[in-house]
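Working notes, structure below.
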Number of protein chains: 2
Amino acid sequence: MRRNPERRQALIDAAIEVLAKEGARGLTFRAVDAEAAVPPGTASNYFANRDDLFTQVGGRIYERLLPDDATIARSREGVPDQTRYAELMHEVVGRVSAFNSGYLALLELRLESTRRPELRAVLTERIREDIDANIGHHAASGLPGDSTSVLLLYLALNWLIMERLTLPDIFTEQQMHELVDAAVERSLNTRP
Amino acid sequence: MRRNPERRQALIDAAIEVLAKEGARGLTFRAVDAEAAVPPGTASNYFANRDDLFTQVGGRIYERLLPDDATIARSREGVPDQTRYAELMHEVVGRVSAFNSGYLALLELRLESTRRPELRAVLTERIREDIDANIGHHAASGLPGDSTSVLLLYLALNWLIMERLTLPDIFTEQQMHELVDAAVERSLNTRP
DNA sequence: AACGTAGTACTACAGACGGAGTGGTGTCAA
DNA sequence: TTGACACCACTCCGTCTGTAGTACTACGTT
């Protein structure tokens with residue numbers, strides 16, 4: 001088990017690409033080696049077995065999907081109102097669906113987690129953290145809408161991205177844009 | 001290419017189970033043969049190649065996820081109000097997540113459709129039909145809420161089922177129940 | 001009722017591919 | 001000199017597709 005962190009990260013990034021391109025079953029040591037353009041056998045030195053590979057990718061992939069520091073900083077600027085919030089959500093949807101392979105890989109991992117308890121445990125933890133962070137962030141912003149609003153938004157936007165990435169002809173760009181706006185609007189403007 | 005429709009259907013059903021259990025890459029002729037408990041080589045006689053197998057499964061799986069006639073009949077009874085509508089949505093979520101392997105198989109197919117244009121075409125058509133039917137059905141019911149409401153509900157419920165099937169520990173049963181209610185409520189009670 | 005034919009179920013096999021794992025070699029740094 | 005690491009070669013194993021060939025069954029014909 002090798003310890004070179006840069007190389008390990010590069011291998012994990014390669015694994016994400018492989019997941020998106022070939023699916024979960026296609027994620028093998030050989031495929032990762034090829035994708036990362038390292039000599040065959042390298043990945044085998046960094047991960048004990050395929051299970052370990054899945055788990056490590058599951059642990060890191062969420063970090064790659066989160067906004068970078070610059071984006072976070074920008075998100076804290078300005079007055080938090082509905083327009084601002086909608087902009088943010090567009091940013092999230094845009095960023096996540098731009099990192100195409102990352103989200104597809106996450107979907108593959110979710111399905112694979114049906115068969116791998118360790119992977120499921122890792123993903124559950126990461127995603128719960130993310131959801132809690134979103135709820136907390138929203139509460140701190142002082143905008144209307146309770147945690148249920150945030151969750152409904154979370155649900156809708158996730159499937160919207162899913163739809164865009166897997167069956168892009170179902171909705172037009174225009175429709176998707178409107179759906180994001182509508183989701184934000186209805187999330188914030190709740191009836192008593 | 002054999003023509004026995006019952007046997008073909010049985011093989012497709014077996015393929016759905018295989019998809020859910022083993023993932024898209026695990027869907028092979030041999031695996032289908034084994035799942036359907038028929039001699040090896042049988043599936044190979046019913047589908048020209050793997051691509052054909054995927055496409056045929058994609059064409060049928062949606063039928064297995066739709067409500068049966070009895071459920072449709074019941075759904076037309078009673079006065080259409082919000083309570084009734086919520087019941088219906090609970091029925092949908094319950095039915096679809098009860099047919100566990102069917103929905104998982106559909107998710108696998110969606111991901112696989114990234115790599116198979118024919119499959120993508122089939123799925124796109126089926127899903128668009130379903131969405132249009134839902135919008136039409138809702139419009140005919142006379143309940144408040146426009147097509148955007150229906151779409152947002154569609155998005156949220158789909159991801160909710162996804163969450164329940166792949167990472168069941170993210171939300172409690174209680175939470176999921178509340179989310180369905182909240183989604184219906186907010187979908188119907190829109191602000192001008 | 002016997003027969004023939006077509007469609008289908010089943011079996012077996014050939015050929016090929018790809019992946020896991022392992023042991024070994026060269027190299028660089030402490 | 002020793003240890004960690006990148007890199008490479010090789011073997012074993014499992015599995016997949018496609019096809020050829022045989023056995024069965026149902027049905028129509030005479």
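Proteins get letters first, then strands, A, B, ... in listed order; numbering begins at 1 in each.
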Would you kindly give the CD-to-C1' distance between A:Glu6 and D:dA6, to the nearest whole Å? 15 Å
Could you give me the CA-CA distance, side-chain angles and deciding distance for B:Glu112 and B:Arg25, then say whether salt bridge (charged side-chain N to carboxylate O under 4.0 Å, His left out) is met? CA-CA 9 Å; B:Glu112 187 66 19; B:Arg25 191 105 164 215; over 6 Å; no
Just call it for B:Tyr46: base, sugar-phosphate, or nothing, with non-hydrogen atoms closer than 4.0 Å on any strand. sugar-phosphate
Determine, for nucleotides 11-30 of chain C in 5'-to-3' order, which nucleotides have protein heavy atoms under 4.0 Å from the base (write B), from only the sugar-phosphate (write S), or from neither (write -). B-B-----SBBB--------
Can you check the A:Arg3 CZ to D:dA6 C1' distance for me, whole Å? 15 Å
Take the angle between the ring planes of A:His90 and A:His177 and call it parallel below 30°, perpendicular above 60°, tilted in between. parallel
Kindly say if B:Asn4 contacts the phosphate of C:dG7, meaning a side-chain N or O under 4.0 Å from OP1 or OP2. no
In terms of ring plane angle, is the pair B:Phe29 and B:Phe47 parallel, tilted or perpendicular, where the classes change at 30° and 60°? parallel
Enumerate the salt bridge (charged side-chain N to carboxylate O under 4.0 Å, His left out) contacts for residues 42-61 of chain B, please, sequence neighbours excluded, ordered by first and then second residue. B:Asp51-B:Arg116
Derivation of the side chain to side chain donor-acceptor pair (under 3.5 Å) call for A:Arg120 and B:Thr166: CA-CA 8 Å; A:Arg120 181 163 59 245; B:Thr166 60; over 6 Å; no
Calculate the interatomic distance between A:Leu11 atom CG and D:dC7 atom C1'; express it in whole Å. 13 Å
Is the NZ or CZ atom of B:Arg164 both under 6.0 Å from the centre of the six-membered ring of B:Tyr103 and within 45° of that ring's axis? no
Nearest whole Å is fine: how far is D:dG18 P from B:Asp52 CG? 11 Å
